[in-house]
Amino acid sequence: MKAVFLDFNSLNQNDLEISRLQQQFDQLILHAVTAPDEILERVQNVDVIITNKVRVNAELIRQLPKLKLILISATGTNNVDLSAAREHNIVVCNCQGYGTPAVAQHTLLLMLSLATSFLKYDRAVRTGAWNKAEQFCLLDFPIVELAGKTLGIVGYGELGQAVARLAEAFGMQVKIASLPCRPGGTDRIPLKELLPQVDFLSLHCPLTEQTQNLIGAAELQQMKPTAFLINCARGGLVNETALVQALKNGEIAGAASDVLTVEPPKQGNILLNEDIPNLIVTPHSAWGSVQARQRMLEQLAENTEAFKRGLPIRQVN
């Protein structure tokens with residue numbers, strides 16, 4: 001069985017053990033990156049495509065009669081045409097839950113950084129403000145304790161639950177949002193009702209047609225002016241223009257995002273402008289611990305083993 005990994009450098013930093021995955025195939029070709037005009041040539045005559053973000057669309061699938069399996073080295077499936085794969089009897093499997101500890105701790109990192117004005121104090125020290133202080137400490141920026149604050153979570157799967165456990169350890173009260181597309185149980189609160197109640201809102205739901213621009217101008221205006229927004233899910237969940245205006249107008253106290261609508265932002269992004277107050281942006285790195293990336297490789301191997309036994313796991317189509 002011949003396989004090709006189209007964008008291996010999306011998870012490889014020369015710090016992973018890949019032998020178990022290699023053992024699943026007679027030949028595994030690893031490409032660091034693959035440009036759109038290189039895809040067809042590289043996947044000709046392969047049985048298995050492994051991709052993180054490289055698009056496998058219907059037109060490509062129709063040209064690959066040997067293709068049997070597509071392995072997505074991520075949870076999101078929007079880069080693969082699942083309907084076309086199903087039509088051509090191609091199994092598609094993704095990876096799930098591999099980054100939960102890493103993303104959960106990154107979410108808390110962003111919450112704590114905003115709550116303590118961490119970056120502002122670090123910058124003040126580095127620019128000499130502490131040296132010039134008239135007393136032993138600097139208290140120039142607000143510091144908010146997480147204890148006693150309310151955290152609203154949108155998306156209460158494995159990751160949302162992990163964030164809730166960490167938040168509760170800090171003494172926070174956790175409330176769970178329900179969405180029109182997924183109401184959930186009686187313990188869930190409609191998003192519109194939840195927004196005015198929260199001190200922090202953390203997003204952990206998938207990006208779908210129903211959740212595109214889930215948090216826009218109207219939703220941001222419903223939040224407290226002292227509230228913070230955290231997005232470690234997908235960039236399209238938040239209307240970026242509306243977020244910038246909300247921060248500039250003081251409609252919310254701050255925000256942090258590990259994701260943008262287009263990644264990498266080669267053409268720039270409004271959230272990267274320097275004049276936006278109290279905004280932290282990290283480069284979609286929340287998931288990237290060495291442990292999480294190794295778990296992803298193990299899941300790719302597991303998915304292949306199960307497929308060869310005729311009992312696919314983590315199948316998404």
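These numbers come from a predicted model, not from an experiment.
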Exercise. Please lay out, stage by stage, how Q197 and E193 fare under the test side-chain hydrogen bond (donor to acceptor under 3.5 Å, both in side chains).
Key: CA-CA 8 Å; Q197 302 179 34; E193 294 181 21; 5.4 Å; no
Quiz item: Where do Q96 and T75 land on the side-chain hydrogen bond (donor to acceptor under 3.5 Å, both in side chains) test, with the steps shown first?
Solution: CA-CA 5 Å; Q96 301 170 13; T75 301; over 6 Å; no
Quiz item: Yes or no on side-chain hydrogen bond (donor to acceptor under 3.5 Å, both in side chains) for H284 and T282, after CA distance, side-chain angles and deciding distance?
Solution: CA-CA 6 Å; H284 207 139; T282 53; over 6 Å; no
Quiz prompt | Worked check of side-chain hydrogen bond (donor to acceptor under 3.5 Å, both in side chains) between N79 and R55 | solution = CA-CA 5 Å; N79 61 321; R55 300 192 69 82; over 6 Å; no
Quiz item: So K248 and D275, salt bridge (Lys or Arg N to Asp or Glu O under 4.0 Å) or not? Walk me through it.
Solution: CA-CA 9 Å; K248 288 184 174 181; D275 61 342; 3.0 Å; yes
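By the 4.5 Å heavy-atom criterion applied to side chains, I143 and Y121 are counted as neighbours.
Checking side-chain atoms of N317 against main-chain N and O of I90 turns up a donor-acceptor pair under 3.5 Å. Of the possible polar contacts, none joining the Q222 side chain to the L195 backbone as a donor-acceptor pair under 3.5 Å is found. The backbone N or O of E17 sits less than 3.5 Å from a side-chain atom of Q294, completing a donor-acceptor pair. The main-chain N or O of L260 is never found under 3.5 Å from a side-chain atom of E240 such that the two would form a donor-acceptor pair.
By the 4.0 Å N-to-carboxylate-O rule, D15 lies close enough to R293 to be salt-bridged with it. Between E302 and R314 a salt bridge is recorded (basic side-chain N to carboxylate O distance below 4.0 Å). Here E305 pairs with R20 in a salt bridge; the nearest charged N to carboxylate O distance falls below 4.0 Å. Salt bridge present: D199 and K224 bring a charged side-chain N and a carboxylate O closer than 4.0 Å. Comment: K68 engages D47 in a salt bridge, judged by a side-chain N to carboxylate O separation of less than 4.0 angstrom.
Between F228 and F200, the ring planes are parallel. Angles under 30° get that label, and only those over 60° would be called perpendicular.
Nearest heavy-atom pair across A102 and S289 is CB-OG, 3.7 Å. In terms of heavy-atom proximity, L220 sits nearest to I252 at O-CG2, 3.9 Å. In terms of heavy atoms, P206 sits closest to T211 at O-OG1, 2.8 Å.
Note that CG of L279 is 7.5 Å distant from OG of S257, once rounded to the nearest 0.5 Å. Annotation: the span from L64 atom CG to H88 atom NE2 amounts to 9.0 Å, rounded to 0.5 Å.
N278 meets the side chain to side chain donor-acceptor pair (under 3.5 Å) test with no other residue; sequence neighbours excluded.
Atom NZ of K308 is surrounded by more than 12 heavy atoms from other residues, nucleotides or ligands within 6.0 Å.
Side-chain contact, D7 with T34: no donor N or O sits under 3.5 Å from an acceptor N or O.
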